[in-house]
Amino acid sequence: MNLQTKADFTALMHKFLDPLKPCYSAGCARLHLGETGVTYNQNAIELEAFSRPLWALVPFWVGGGSDPEFEKIYRKGLAAGTDPENPEYWGTTGEYDQCYVEMAAIACGILTAPEKLWTPLSDTEKQNLAAWLGQINAHTIPDCNWQFFRILVNLALKSVGMPYSPELLEDGLCKIDSYYSGDGWSTDGASVQKDYYIPWAIQYYGLLYSKFAADTDPRRAALYRQRAQLFAQQFVYWFDANGAALPFGRSLTYRFAQNSFWAACIWAGLEPLPLPVMKGLIVRNFNWWLGQKMFDRDGILTIGYCYPQMYMAERYNAPGSPYWGMKSFLLLALPDDHPFWSAEAAPMPALERLKPMPYANMLVQRRAGRVTAYAAGVNEGHGHGQFPEKYAKFAYDTRFGFCASRSREVLNQAAPDSMLAFVIDDNVFVRKVSKTWKIEAGAVTAQWSPFPGIEVTTTITPTATGHRRHHEIDSSFDCEAYDCGFAVPNFTPGYAESAENDTAEAHCDTLCCAVRGRGEAVVIGCDPNTSLYFTNVHLPAVKYHIPKGHTVLDTEVFDEAN
């Protein structure tokens, strides 16, 4: 899709949002998009789907856009959803309630487009809306990026003269400040892993705050902008020249929210990279996503990544969750004469071949525009689910993607790409989390244990043709282990595979992965729909016998992508 002018981006927004119009409830406060379940109730599920389109619609309105149908829907829906006497009332909230997440988009609407979402309401409707939003100050919320939801709600309530909590506003800001690590990176509260919640949450909301509180809190506003400048110099490495962004971490069903940080920088008046470069990052990422199978037959976004897929979904991914990606349309708030609209999308800037990111717990390699990240395996260990797949693989790549296991019972269901997979009593065990780790200029070293009685120290060294893995294993019993490469799509033009002597290979017309080591070469046929990128994949690997005692393994992975 040609994305150059404001009209082009507006058309893209309509492509995403117009299919929703027939799905709103009679009172417009609820949006029912599917039947899959999550950890919160139907009230929150349908509020989530209602609220998230506002991340695009509000900037659209701020930038002078008009869609009378959506304006009517949201004025009517806000009144109905916050009226305790209305059958579509969103309900009384409790501790750690999902409704607090969805309040943020409404709060930003009140802050930036009050003439659409606040002024048209009657006095009673305003009181209802303020009271419903104010519930966030009466309950506990998670100590993470959620603090920004309370911050934004209190800023919004303050802006329209409604009761708010200056104490909780300041408390939330202090917590956000305490998460900062360095080089623009923060943790997401107590979570140790670093992922997209830094660009599309901590950094994104920080930039919003830097504009909303420029006069009332100039110190923090300047600090958040400075951190965004630093972060941009790191985050640019996560983007492939073809537009893909690094598939890594949780909540990947938010898809093109990957480029929302760049949109927030431009909206906030920051240029950590030249404006044409940031436009190129945004345009290419959107177009890469438009090339994937992310819509259903009605044009509704699905849960999944490159195609509809539930295996990789989080327990909090409801049918409306993917519309979190609408945050990228913050760009539509830019005035018609903003230089972004006339700028030509520039290619990727010159970047280092190897970029250590100690605050992101990874080493990033770039080859011919492609991105491979060698992760240290840092995560909570028992988080939202599938953390070994999302954080603890040895390598993540923008051309190959990665697999999310269907089960750990057999290899084909485990689909352990980019992992050293131990098979014990017909079960598959991989790195869940690293105990210690070190990020160096040319290597990543981590100590980990897949199973009680087995200790492993792995060093990953990038090469011009892939990477080398050196494993030092101490095992208290005999077992088998499979050192696996990247998964390759098998039902695709040019596919072939081989397993001869010490080398296993799978290739097609666009991708090739070979794994070599002093063991038995094998190719594992993974279960369908385990890969985030491809519906069917095969996995080259080398099988090793691990005797009781100390074992040293050296495996080389060769990978190519066209």
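These numbers come from the heavy atoms of this one structure, side chains and all, not from hydrogens, waters or symmetry mates.
- Salt-bridge formation is detected for the pair Glu314/Lys390: a Lys NZ or Arg NE/NH1/NH2 atom is positioned less than 4.0 Å from an Asp or Glu carboxylate oxygen.
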Checking side-chain contact (heavy atoms from CB on, under 4.5 Å) for the pair Phe402/Leu252: CA distance, chi angles, key distance, verdict?
-> CA-CA 12 Å; Phe402 70 87; Leu252 291 178; 3.9 Å; yes
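- Ala360 meets the side chain to side chain contact (heavy atoms under 4.5 Å, CB included) test with Trp185, Met357, Met362; sequence neighbours excluded.
- Salt-bridge formation is detected for the pair Arg370/Asp397: a Lys NZ or Arg NE/NH1/NH2 atom is positioned less than 4.0 Å from an Asp or Glu carboxylate oxygen.
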For side-chain contact (heavy atoms from CB on, under 4.5 Å), just list the numbers for Leu553 and Val542, CA-CA rounded to whole Å, side-chain angles, deciding distance to a tenth of an Å, and then say yes or no.
-> CA-CA 11 Å; Leu553 302 180; Val542 172; over 6 Å; no
side-chain contact (heavy atoms from CB on, under 4.5 Å) assessment of Ile266 paired with Ile282 | CA-CA 11 Å; Ile266 296 164; Ile282 293 167; 3.8 Å; yes
Test Asp143 against Tyr179 for side-chain hydrogen bond (donor to acceptor under 3.5 Å, both in side chains), laying out the working first.
-> CA-CA 10 Å; Asp143 191 356; Tyr179 306 155; 2.3 Å; yes
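- The backbone N or O of Asp509 lies less than 3.5 Å from no partner atom in the side chain of His507, so there is not a single donor-acceptor pair.
- For the residue pair Ser498/Glu505, the side-chain donor-acceptor check at 3.5 Å is not satisfied.
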Take Ser328 and Phe9 through the side-chain contact (heavy atoms from CB on, under 4.5 Å) test and state the conclusion after the steps.
-> CA-CA 10 Å; Ser328 296; Phe9 280 83; over 6 Å; no
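- Proximity of Trp146 to Val101: side-chain heavy atoms (C-beta onward) are separated by under 4.5 Å at one or more points.
- Below 30°, between 30° and 60°, or above 60°: for Tyr254 and Trp324 the angle between ring planes is between 30° and 60°, a tilted geometry.
- Thr372 and Arg367 share a donor-acceptor pair across their side chains, judged by distance under 3.5 Å alone.
- Looking at Asp554, Thr459, Thr445, Thr458 one by one, the single match for side-chain hydrogen bond (donor to acceptor under 3.5 Å, both in side chains) with His470 turns out to be Asp554.
- Within the structure, side-chain hydrogen bond (donor to acceptor under 3.5 Å, both in side chains) pairs that include any residue of residues 488-497 comprise Asn490-His538, Tyr495-Glu497, Tyr495-His538, Glu497-His538 (at least two apart or interchain).
- Checking Asn145 against Tyr205 by side-chain atom types alone, no donor-acceptor pair falls below 3.5 Å.
- The shortest distance between side-chain heavy atoms of Tyr305 and Pro247 falls below 4.5 Å.
- Contact of the Gln193 side chain with the Asn361 side chain is not registered, since no non-hydrogen atoms from C-beta on lie closer than 4.5 Å.
- Atom CD of Gln233 sits in a crowded spot, with more than 12 heavy atoms from other residues, nucleotides or ligands closer than 6.0 Å.
- Ile546 is listed as a side-chain neighbour of Phe422, based on a closest heavy-atom distance under 4.5 Å.
- Val522 and Ala504 get closest at one heavy-atom pair: O-CB, 3.1 Å.
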For side-chain hydrogen bond (donor to acceptor under 3.5 Å, both in side chains), just list the numbers for Tyr544 and Asp483, CA-CA rounded to whole Å, side-chain angles, deciding distance to a tenth of an Å, and then say yes or no.
-> CA-CA 8 Å; Tyr544 295 103; Asp483 214 354; 4.9 Å; no
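- At least one donor-acceptor pair under 3.5 Å links the side chain of Gln309 to the backbone N or O of Asn529.
- Using modelled atom types, one finds no donor on one side chain facing an acceptor on the other under 3.5 Å when comparing Glu472 with Thr457.
- Each of Tyr323, Trp55, Phe295 was checked for a ring-ring contact (aromatic ring centres under 6.0 Å, His included) with Phe16, and the lone residue meeting it is Phe295.
- Side-chain atoms of Asn285 come within 3.5 Å of backbone N or O of Gly243 as a donor-acceptor pair.
- Using a distance-only test at 3.5 Å, with no hydrogens or angles considered, a donor-acceptor pair links the side chain of Ser449 to the main chain of Phe451.
- Under the 4.5 Å side-chain criterion, counting only non-hydrogen atoms from C-beta, Gln234 is in contact with Lys355.
- In this structure a side-chain-to-backbone donor-acceptor pair under 3.5 Å is missing from Thr187 to Ala190.
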What donor-acceptor contacts under 3.5 angstrom involve side-chain atoms of residues 435-442, with partners at least two apart or in another chain?
unit_1 : atom_1 : unit_2 : atom_2 : d
Lys435 : NZ     : Glu455 : OE1    : 3.0
Lys435 : NZ     : Glu455 : OE2    : 2.9
Thr436 : OG1    : Gln447 : OE1    : 3.4

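- Counting only heavy atoms from C-beta outward, the side chains of Val378 and Lys194 never approach each other to under 4.5 Å.
- Not a single donor-acceptor pair under 3.5 Å links the side chain of Gln98 to the backbone N or O of Tyr316.
- The number of heavy-atom neighbours closer than 6.0 Å to NE2 of His550, taken from other residues, nucleotides and ligands shown, is above 12.
- The shortest side-chain heavy-atom distance between Ile460 and Leu363 does not fall under the 4.5 Å cut-off.
- Side chain to side chain, Tyr396 and Asp417 fail the donor-acceptor criterion of an N or O pair below 3.5 Å.
- Side chains of Tyr374 and Gln365: a donor-acceptor N/O pair is present below 3.5 angstrom, by distance only.
- Using a 30° and 60° split on the angle between ring planes, Phe400 and Phe486 fall in the parallel class, below 30°.
- The only member of Tyr224, Phe261, Tyr204 that meets ring-ring contact (aromatic ring centres under 6.0 Å, His included) when paired with Phe231 is Phe261.
- Side-chain N/O atoms of Ser321 and Glu48 include a donor and acceptor closer than 3.5 Å.
- With sequence neighbours left out, Val537 forms a side chain to side chain contact (heavy atoms under 4.5 Å, CB included) with Cys403, Ala487, Cys526, Thr530, Ser531, Phe534.
- Side-chain rings of Phe235 and Phe239 approach one another, their centers coming within less than 6.0 Å.
- In this structure, Phe558 CZ and Thr503 OG1 are separated by 7.0 Å, a value rounded to the nearest 0.5 Å.
- Considering only residues two or more places apart in sequence or on other chains, Asp298 meets the side chain to side chain contact (heavy atoms under 4.5 Å, CB included) condition with Asp296, Ile300.
- Between the side chain of Tyr237 and the main chain of Glu352, a donor-acceptor pair closer than 3.5 Å is present.
- Ser434 places no side-chain N or O within donor-acceptor distance of the main-chain N or O of Trp448, the cut-off being under 3.5 Å.
- Side chain to side chain, Tyr196 and Ser251 fail the donor-acceptor criterion of an N or O pair below 3.5 Å.
- Using a 4.0 Å cut-off between charged nitrogen and carboxylate oxygen, Arg406 and Glu389 do not count as a salt-bridge pair.
- Checking side-chain atoms of Thr302 against main-chain N and O of Gly304 turns up no donor-acceptor pair under 3.5 Å.
- Although no hydrogens or angles enter the test, the distance criterion places a donor-acceptor pair under 3.5 Å between the side chain of Gln147 and the main chain of Pro142.
- Scanning for ring-ring contact (aromatic ring centres under 6.0 Å, His included) contacts around Phe286 gives Phe256, Phe329, with sequence neighbours left out.
- Residue-environment remark: CD (Glu560) stays at or below the threshold of 12 foreign heavy atoms within 6.0 Å.
- A 4.5 Å side-chain heavy-atom check between Met1 and Asn287 finds at least one atom pair inside the cut-off.
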